[in-house]
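Chain A is the first sequence line, chain B the second, and so forth, proteins listed ahead of strands; every chain is numbered from 1.
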Amino acid sequence: MRKVRLFYAMIYFIVLYLPIVLIIAFSFNDSVYIAFPLKEFTLRWYQAAMENQQLLSAFSNSMIIAVTTAIFSTFSGLLAAMATTRYRFRGRSTATILLFVPLALPTVVTGVALLSIFMMTGLGLSLGTVILGHLMICTPFSYGVLVSRFEGLSPDFERASMDLGEPPLTTFFRVTLPLALPGLVSSLLLTFTISFDEFILAFFLSSNSPTLPVFMWSQMRFPDRLPLVLALASVVIIVSSILIVISQRLRSKQA
Amino acid sequence: MRKVRLFYAMIYFIVLYLPIVLIIAFSFNDSVYIAFPLKEFTLRWYQAAMENQQLLSAFSNSMIIAVTTAIFSTFSGLLAAMATTRYRFRGRSTATILLFVPLALPTVVTGVALLSIFMMTGLGLSLGTVILGHLMICTPFSYGVLVSRFEGLSPDFERASMDLGEPPLTTFFRVTLPLALPGLVSSLLLTFTISFDEFILAFFLSSNSPTLPVFMWSQMRFPDRLPLVLALASVVIIVSSILIVISQRLRSKQA
Amino acid sequence: MTDAFISLQSIRKTYGPVVAVDNVDLDIAKGSFFSLLGPSGCGKTTLLTMLGGLDKPTAGRIMLDGVDVTSVPSYRRPTNMVFQSYAIFPHLSVGDNVGYGLRRQKLDRAEWQHRVDAMLELVHLKGYGDRQPSQLSGGQMQRVALARALIVQPKVLLLDEPLSALDKRLRQSMQIELRAIQREVGITFVFVTHDQEEALTLSDKIAVMSKGKVLQCCPPTDLYDLPINREVAEFVGEMNLIPGIVKGCTTETVCISMPSFGDQQFPVGGRSFSKGDKVLVAVRPENFEIADGPEGRELTIVNRAYFGTHLHFMMTGEGLETPLTVSVPSAIARAHGKAVNSDRMTIQVVPETAVILPQAG
Amino acid sequence: MTDAFISLQSIRKTYGPVVAVDNVDLDIAKGSFFSLLGPSGCGKTTLLTMLGGLDKPTAGRIMLDGVDVTSVPSYRRPTNMVFQSYAIFPHLSVGDNVGYGLRRQKLDRAEWQHRVDAMLELVHLKGYGDRQPSQLSGGQMQRVALARALIVQPKVLLLDEPLSALDKRLRQSMQIELRAIQREVGITFVFVTHDQEEALTLSDKIAVMSKGKVLQCCPPTDLYDLPINREVAEFVGEMNLIPGIVKGCTTETVCISMPSFGDQQFPVGGRSFSKGDKVLVAVRPENFEIADGPEGRELTIVNRAYFGTHLHFMMTGEGLETPLTVSVPSAIARAHGKAVNSDRMTIQVVPETAVILPQAG
């Protein structure tokens with residue numbers, strides 16, 4: 001029984017990681033065709049990527065959107081997590097479920113709805129509209145991370161601080177904030193990754209300033225650009241992996 | 001402080017649910033234009049949806065893919081969760097992190113990689129390839145749900161069963177499986193929802209048998225089809241919400 | 001009554017339909033070690049948090065040193081609490097934890113350090129100022145929590161089961177230390193515990209609580225020797241309750257007829273009885289006498305347990321609904337032979353050590 | 001030795017570099033109530049799970065009723081365990097829980113029901129068969145776990161701190177019931193506990209463990225009266241350890257010079273001493289005598305605690321490194337005046353009740 005399971009686990013990891021390995025392998029392959037056997041080792045796709053102005057502008061759009069989204073969604077998540085864990089109110093568990101329902105919508109639907117709203121209200125499209133869309137899908141994640149952090153923290157810390165003479169506001173800065181810190185960092189990293197990787201909302205809402213995933217998508221029409229996309233994807237894979245590992249480490253440490 | 005937070009929470013929920021409310025509102029609106037004021041109440045978009053053959057076939061594709069994905073990813077997740085919680089082995093926490101890393105990849109990248117692999121190996125595209133893609137992103141969720149279930153279950157139950165004379169296999173069926181049941185149902189519902197709502201992998205890998213989100217996307221080119229898409233989206237919203245509420249209820253009950 | 005240092009007046013606390021504290025009146029003397037004793041859920045911790053201002057009473061008034069503090073929030077109240085969880089701030093060093101409450105006093109660095117060091121010395125943690133809380137043992141955490149609360153020189157120190165997380169040996173030595181510190185600083189301590197032994201050991205006065213009410217409030221010796229009713233008797237130490245009926249009563253003695261031990265005279269002890277009252281004769285296990293006197297009854301041993309200094313026998317006999325627990329010093333038990341199960345032994349009630357309680361309640 | 005019912009031979013268990021059980025040899029007699037006593041982490045539970053086959057020893061041999069069961073898995077071993085967590089299957093009714101182990105016997109429905117009902121009656125849960133585990137109290141869960149293990153008629157019942165989750169009152173009545181059931185079914189019980197009072201009360205024989213080793217294995221009275229070394233003495237009951245040096249020794253008595261109590265003669269008690277040995281005179285708190293005899297020493301009371309039947313004094317004096325704990329019956333203490341802090345009191349060691357231990361270890 002045990003050996004069967006371990007064997008299965010091995011197979012599972014291989015299948016899960018095969019695409020990643022192939023993406024990285026072909027990004028160093030000196031051929032526009034994605035086919036075995038591999039040709040010479042080359043860095044030219046990376047070089048091409050570095051010199052592509054459209055790509056660099058898409059990258060900078062993605063960074064602006066992801067950083068802004070991470071900060072605002074973490075802030076919203078913090079307030080929501082404090083409200084639900086520090087105060088008891090009727091319908092608290094309902095509120096928690098309601099928060100997660102929008103995550104269950106196909107993003108195509110959310111995208112269409114937001115597009116209609118922005119066009120209808122005459123707001124138009126910009127990096128700001130993408131950020132608003134991303135806030136909608138990232139805040140529940142921030143909330144989830146921070147709620148589990150707050151649930152692990154005894155309210156006694158804040159009560160002790162008040163008992164020792166600190167009013168609620170100073171207690172927040174001297175006790176609550178420092179104790180929530182690992183959760184805040186973890187939330188920032190997670191929402192940054194989600195926003196950076198998101199495609200559909202960005203596609204619908206970004207108008208003429210595409211994000212990195214939208215740029216990659218647009219390059220798919222040209223078969224000879226595939227290696228360039230793979231080089232780009234490899235970079236994203238490495239950076240995303242590092243962020244997710246850091247965030248998981250922080251979450252397991254705080255537990 | 002408290003009132004400020006509650007006020008903020010209210011605003012937050014309103015913003016989060018505004019798109020959903022608008023989608024549903026306009027799906028009953030007797031006009032092809034998405035603009036206020038609302039016109040007459042109508043069910044014609046729902047009727048049109050019911051009669052659209054392409055839509056019905058996309059719906060059936062989505063159902064086949066989502067059901068298959070849910071079953072297989074839950075099975076894989078079960079084996080993985082048992083392996084990591086019931087046996088201690090070196091690198092266990094590393095394995096858990098590795099499982100979640102693929103989730104951090106932009107699905108555009110995963111889609112490209114899988115597309116390349118399937119074309120390269122001559123497998124071609126079919127509903128099966130979409131299912132394989134969805135398994136990659138759903139299994140980590142199944143694993144997450146089931147691991148938290150197993151971690152909440154004392155290994156003493158299985159040890160007691162063995163102590164009372166049941167060998168490992170009978171113990172699995174008489175104790176492990178019944179105890180893991182709420183987690184299994186929750187995992188099935190969650191992965192069904194994720195697969196049913198997923199767009200990019202389905203877009204890349206579905207060839208000429210589109211899923212529902214891909215169908216919706218394709219309709220976006222025709223502005224007069226928007227109300228039809230909204231009617232469809234409303235149905236998806238309702239069904240998804242019900243599934244997510246059931247799944248959350250099961251998860252909170254098992255805790 | 002009015003000159004009490006702390007005075008709780010008709011305090012009531014409800015959570016929705018649940019009554020946590022039910023019309024409690026208590027007076028606590030200045031400089032005393034006062035304990036609230038009761039099983040979990042009896043409302044003792046709620047009462048303590050209301051004293052500390054971390055919770056507001058639904059009704060009633062709290063007077064502290066002549067001032068009405070009922071609606072004063074905890075951060076302006078001259079009380080400090082040692083939490084059951086200790087609540088040592090994990091992101092601050094031991095020294096910063098102890099000095100946490102000094103911020104408002106705007107001391108210079110040297111004075112701050114001096115005060116913190118002095119307090120660490122009081123709790124026997126000299127030189128621990130730079131350590132992190134994660135490096136501390138349970139007993140050390142308990143002392144840091146104590147030092148952190150005492151440094152702001154509260155008028156009252158509130159302690160919420162501060163010893164319950166410690167193991168037996170450490171708990172005993174912390175009890176002694178706690179009592180010593182209280183004597184040294186002279187602050188009024190209000191101590192919450194569910195451990196009757198701990199309350200008996202430490203307190204000047206104990207209030208026994210149950211279901212939100214105070215049942216009895218008196219010094220420890222009175223609580224053990226003269227419990228006011230069945231509930232207190234059963235909660236504080238082990239107690240045998242032998243049912244009986246009052247047959248007659250003079251100003252000095254009351255004659256009680258017990259189905260198990262026959263008729264016996266007991267001192268009245270300031271209570272009043274009338275003929276026909278159903279009563280319980282409460283006898284501590286160690287207060288039975290092994291003797292073949294006329295009042296003795298032969299009972300059967302159903303269980304025998306060795307507790308080191310004493311042997312505990314469970315005994316049944318005619319007219320007894322529940323077995324009696326009888327504690328006999330090991331030396332005396334040895335003198336009476338093996339005294340194993342099913343052996344019979346003659347014991348009697350010593351009237352002077354028994355308490356007569358009403359059967360109801 | 002070889003005719004023991006259960007025989008653990010050089011059992012060793014390591015987890016990586018951690019030695020959980022270190023070369024343990026133990027013999028357990030058939031039909032006895034045997035306890036493994038020790039603080040948490042001493043290896044007692046590991047030893048129990050190895051007896052039950054839920055864990056395999058790294059080295060050594062386990063003989064059960066003449067058969068080597070070392071590598072027999074738990075589901076084929078004639079032992080059953082009552083888990084500390086009870087591990088009542090939450091998805092099965094009480095009856096199905098109790099009858100869980102009967103599946104392999106392929107009984108018909110009526111016979112199955114009969115066996116389950118009989119077992120429920122034994123543990124005083126008649127009529128509870130259709131209830132769900134969530135409806136049970138802690139004490140009832142404990143009984144279901146007991147019934148479920150006993151129904152398969154094991155040769156040995158293993159109990160892993162089954163009473164630790166119960167409150168004090170319930171624990172005492174379950175102790176009595178457990179002992180009664182053991183007598184009724186006549187099965188060998190191996191009981192793990194960290195509660196010395198529980199072990200003393202229940203057991204025929206006790207093995208005291210510490211850091212993976214068995215320190216002493218003997219009947220309860222010997223354990224209390226004749227501890228083999230300092231660790232056992234301190235773990236079982238409270239013990240004062242007064243340092244001294246052997247001044248001389250005959251076959252009958254040994255003369256020990258104590259800085260605190262001067263020179264005194266003690267019975268040798270089968271041990272051997274040589275002049276100059278550093279020893280500890282171990283005296284239970286209740287074994288001091290209040291007396292002004294020539295052997296008496298005047299000590300100062302530093303703390304006084306009331307324990308109902310007894311007063312406990314902490315006393316210091318010349319030549320004492322740590323304060324002595326002296327327990328005096330309340331009545332005797334009253335006869336000696338108030339005896340408050342800083343008062344002086346003269347006490348003496350009674351040689352017959354003292355045990356002489358080596359200072360090391």
Notebook entry, point to check: When you look at CZ of B/Phe59, are more than 12 heavy atoms from neighbouring residues, nucleotides or ligands closer to it than 6.0 Å?
Noted result: no
Check: What part of A/Leu232 lies closer than 4.5 angstrom to a heavy atom of chain B: side chain, backbone, both or neither?
Finding: neither
Next item on the list: Take the angle between the ring planes of A/Phe199 and B/Phe199 and call it parallel below 30°, perpendicular above 60°, tilted in between.
Entry: parallel
Notebook entry, point to check: What part of A/Phe215 gets closer than 4.5 Å to chain B, counting heavy atoms only: side chain, backbone, both or neither?
Noted result: neither
Check: Can you say whether B/Leu226 sits under 4.5 Å from chain A via the side chain, the backbone, both, or neither, judging by heavy atoms?
Finding: side chain
Next item on the list: Output the distance between atom CG (B/Leu114) and atom CD1 (A/Ile23), rounded to the nearest 0.5 Å.
Entry: 8.0 Å
Next item on the list: State, with a plain yes or no, whether a side-chain heavy atom of B/Met216 is found less than 4.5 Å away from one of A/Val109.
Entry: yes
Notebook entry, point to check: Is chain B contacted by the side chain of A/Leu230, its backbone, both, or neither, given a heavy-atom distance below 4.5 Å?
Noted result: side chain
Check: Tell me, side chain or backbone of A/Phe196 under 4.5 Å from chain B's heavy atoms, or both, or neither?
Finding: neither
Check: CZ of A/Phe203 to CH2 of B/Trp217: how many Å apart, nearest 0.5 Å?
Finding: 3.5 Å
Next item on the list: Go through the atoms of B/Phe192 and report whether side chain, backbone, both or neither lie under 4.5 Å from a heavy atom of chain A.
Entry: neither
Note to self: If we define contacts as heavy-atom pairs under 4.5 Å, which of B/Leu135, B/Thr107, B/Val108 has the most with chain A?
What the structure shows: B/Val108
Check: Using a cut-off of under 4.5 Å for heavy-atom pairs, which of B/Ile20, B/Ile200, B/Leu22 has the most such pairs with chain A?
Finding: B/Ile200
